[in-house]
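Notes to accompany the following structure.
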Amino acid sequence: MLKQLMMLFILVLMLEPYALAQDACSLWSNPVIPQTGTNREFVTDTTRRFEFSFNLMRSFEAFGGHSETKGLSTDGQVIQISPHHHSVSLRFLHFNMGLRYQLNPKLALSLAIPYTIKEQTARVEWPDHHPTRSEREASQRNGDIHHRNETYTGLNDLSLLVTYKLASLLRTNDRLTLSAGLSLPTGKTELDPWKLGDAGQKHLHLQFGNGTVIPMLECRYWLPITKSIVLQTTLVTRRPVYENRHKFLASADTSFFLSAVFQPIELLRVRSSWMVSRQGFSYWDGRKDSNTGLRMNALVLGTNIGQQTQLSTSLIVPIHQRMLASGDTFEHGMLLSSALSRLF
C-alpha cells in the first residue's frame, strides 16, 4: 500500500509540468489564490461529525503591467500611437464557506463555496515620451476597453471532495489523507478578451470561474516527531482537461506545503510552512496565453486556537516570484487569511 501511495504522489508531480492558476488568463485576469485546504484533522468523536468553516483571505496588492503601442480613435478603430505603458493593480477579498460531513472515522465529504470581491485600478503612463493631446485621449480610450477602475464581485467555482484517511503507514500515529473531487462550473466566465480587444471592443479579462468540471486532488501527511511537534506535507492540485463554451482552457494549479507544527498547550498550535505554487499557461481557442504562468515561493506563518470551535490565522509572505514567460502576470503582495470553524 505504501509503495502504491508513493507512486501516486510521484505521478502527480510528473504530470505537473506547468502549474498553478486560480482561473482565467493573465495580468488582466486573476492572480493566483493559493489553495490551502483545511487543517482540521479527522474527528475521532463520532458524535461530532459535521464541520462548518468560514475563511477570509485578503490580498493587500497585486501588480501587473505591459507596454502598449495601440490607441482607439473616436470612431472605435484601433490605431498605432507612440509607445506607452499600462499599469494595473488588483486587490481582492476572497471568502470561502466550507461544509464537511464525516461518514465514519476514515471517510468524509466536503463542499467549498467561494466568493470573491476584486478591486481593479489602471492607469496609462508615458515614461519615455511626451504625448500629444490626441495620443493621450486615444490611449485612454484603448485602456478603458481593456481594464478599468472598477470593482467586480461574484461566486467562484464550487468544489466537492471525498476524503479517505490512512494511519500508521511509516510509524505509529502518523496519518495520511487522500482527497479527490471536482471543481464545478458555477463562476461567471467571459468571452475571448483577446479577440474583442483586437476588434476595439470593450471586454473583461477578470473571470470568476473556468466554465468546466475540473478534477482535483489533495494529499496530506502528518508525522509526529515529539508529543508537541508534528511535521506535515500537503499537496493540492487541480488540472483542467477540456475547454469551456468560450474556447477557454484554464491553467493547471498546484500548491505544495512543508510545515512544522508546534503545540505548546492543548488549545494552541503554531504553524510555519514553506509554500511552493506554480501557475501554468491557459489557452484561448488553442492559443497559449503568454501572460499566464507564475512560480511563487512563500513563507506561511499561522496559528490555530481552540478545538471544537477553532480560530485560524495565516500570513503568506511571498519570498520569490518568477514568470514562466515574457508576458505580464500579476505579482502578489502579502496575503492575510483567517478562518473560523465549528464541529457539531
Side-chain angles (χ1 to χ4, degrees), residues 11-35 62 64-68 70 78 86 88 90 92 114 116 118 120 145-147 152 154 156-159 181-217 236-255 276-296 321-332:
L11 179 62
V12 171
L13 294 179
M14 291 177 64
L15 289 175
E16 190 253 323
Y18 309 99
L20 204 134
Q22 161 65 10
D23 46 40
C25 59
S26 65
L27 136 73
W28 330 96
S29 63
N30 306 298
V32 173
I33 300 178
Q35 302 180 79
H66 66 98
S67 298
E68 184 61 86
K70 295 178 181 179
V78 178
H86 286 182
V88 186
L90 182 71
F92 67 80
T116 306
K118 303 175 183 181
Q120 179 181 257
I145 69 170
H146 291 283
H147 23 245
Y152 308 95
N156 303 124
D157 289 346
L158 275 64
S159 61
L182 300 171
S183 174
L184 306 177
T186 53
K188 183 182 178 182
T189 58
E190 301 291 335
L191 296 172
D192 188 337
W194 301 105
K195 290 183 178 179
L196 293 175
D198 290 342
Q201 299 180 36
K202 186 177 180 180
H203 54 274
L204 183 63
H205 288 268
L206 291 167
Q207 298 193 100
F208 288 89
N210 295 300
T212 62
V213 176
I214 300 177
M216 302 174 63
L217 178 66
V236 185
T237 187
R238 180 177 60 183
R239 299 194 63 83
V241 294
Y242 65 98
E243 295 178 340
N244 68 14
R245 61 192 178 95
H246 302 311
K247 302 296 184 179
F248 173 72
L249 177 64
S251 44
D253 66 60
T254 297
S255 297
V276 177
S277 296
R278 297 191 69 228
Q279 174 194 49
F281 297 108
S282 60
Y283 295 82
W284 287 98
D285 198 15
R287 182 180 65 179
K288 183 173 71 174
D289 185 346
S290 61
N291 284 337
T292 54
L294 173 70
R295 174 166 182 163
M296 179 173 70
Q321 299 180 69
R322 180 176 64 86
M323 285 68 167
L324 300 182
S326 58
D328 302 291
T329 304
F330 272 117
E331 286 195 349
H332 271 302

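By convention here, the first residue in the shown sequence is residue 1. Since this is a predicted model, take the numbers as computed values, not measurements.
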Closest contact, heavy atoms only, [X] versus [Y]:
| X | Y | result |
| --- | --- | --- |
| Met216 | Ser159 | SD-CB, 3.6 Å |
| Met296 | Gln321 | CG-CG, 3.8 Å |
| Thr189 | His246 | OG1-CD2, 3.4 Å |
| Ile214 | Arg238 | CG2-CG, 3.0 Å |
| Lys247 | Glu243 | CD-OE1, 3.4 Å |
| Pro215 | Leu182 | CA-CD2, 4.0 Å |

Legend entry - Approximate separation, where rounding is to 0.5 Å, of Gln207 CD and Phe248 CZ: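 Reported to 0.5 Å precision, the distance equals 5.0 Å.
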Legend entry - Ser251 OG to Lys288 NZ distance, which is reported to the nearest 0.5 Å: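 Answer rounded to 0.5 Å: 12.5 Å.
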Inset, instruction - Return the set of residues passing side-chain hydrogen bond (donor to acceptor under 3.5 Å, both in side chains) with Tyr152 (not counting sequence neighbours), or none when no residue passes. - result: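 Glu150.
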Legend entry - Lys NZ or Arg CZ of Lys118 over Phe208 ring: under 6.0 Å, within 45°: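 Yes, Lys118 sits over the ring of Phe208.
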Are side-chain heavy atoms of [X] and [Y] found at a separation under 4.5 Å?
| X | Y | result |
| --- | --- | --- |
| Gln120 | Val88 | yes |
| Pro240 | Leu249 | yes |
| Tyr283 | Asp289 | no |

Between [X] and [Y], is there a donor-acceptor pair closer than 3.5 Å when you use the side chain of the first and the backbone of the second?
| X | Y | value |
| --- | --- | --- |
| Thr186 | Asn156 | yes |
| Asp157 | Gly187 | yes |
| Tyr242 | Val213 | yes |

Legend entry - Contacts of Asp192 that satisfy salt bridge (charged side-chain N to carboxylate O under 4.0 Å, His left out) - sequence neighbours left out: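 Asp192 satisfies salt bridge (charged side-chain N to carboxylate O under 4.0 Å, His left out) with no other residue.
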Legend entry - No-hydrogen, no-angle side-chain donor-acceptor test under 3.5 Å, His147 and His86: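 Looking only at side-chain atoms, His86 and His147 do form a donor-acceptor pair, the distance falling under 3.5 Å.
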Inset, instruction - Report yes or no: do Thr254 and Thr237 form a side-chain donor-acceptor pair below 3.5 Å? - result: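 Yes, side-chain donor-acceptor contact under 3.5 Å.
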Legend entry - Steps toward ring pair (Phe, Tyr, Trp, His ring centres under 6.0 Å) verdict (Trp194, His146): CA-CA 9 Å; Trp194 301 105; His146 291 283; 8.1 Å; no
Inset, instruction - Decide side-chain contact (heavy atoms from CB on, under 4.5 Å) for Leu196 and Leu191; before the verdict, give the C-alpha distance in whole Å, the side-chain angles of both, and the deciding distance to 0.1 Å. - result: CA-CA 8 Å; Leu196 293 175; Leu191 296 172; 4.0 Å; yes
Legend entry - Short N-O contact, Asp253 and Arg239, less than 4.0 angstrom: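 No salt bridge links Asp253 with Arg239.
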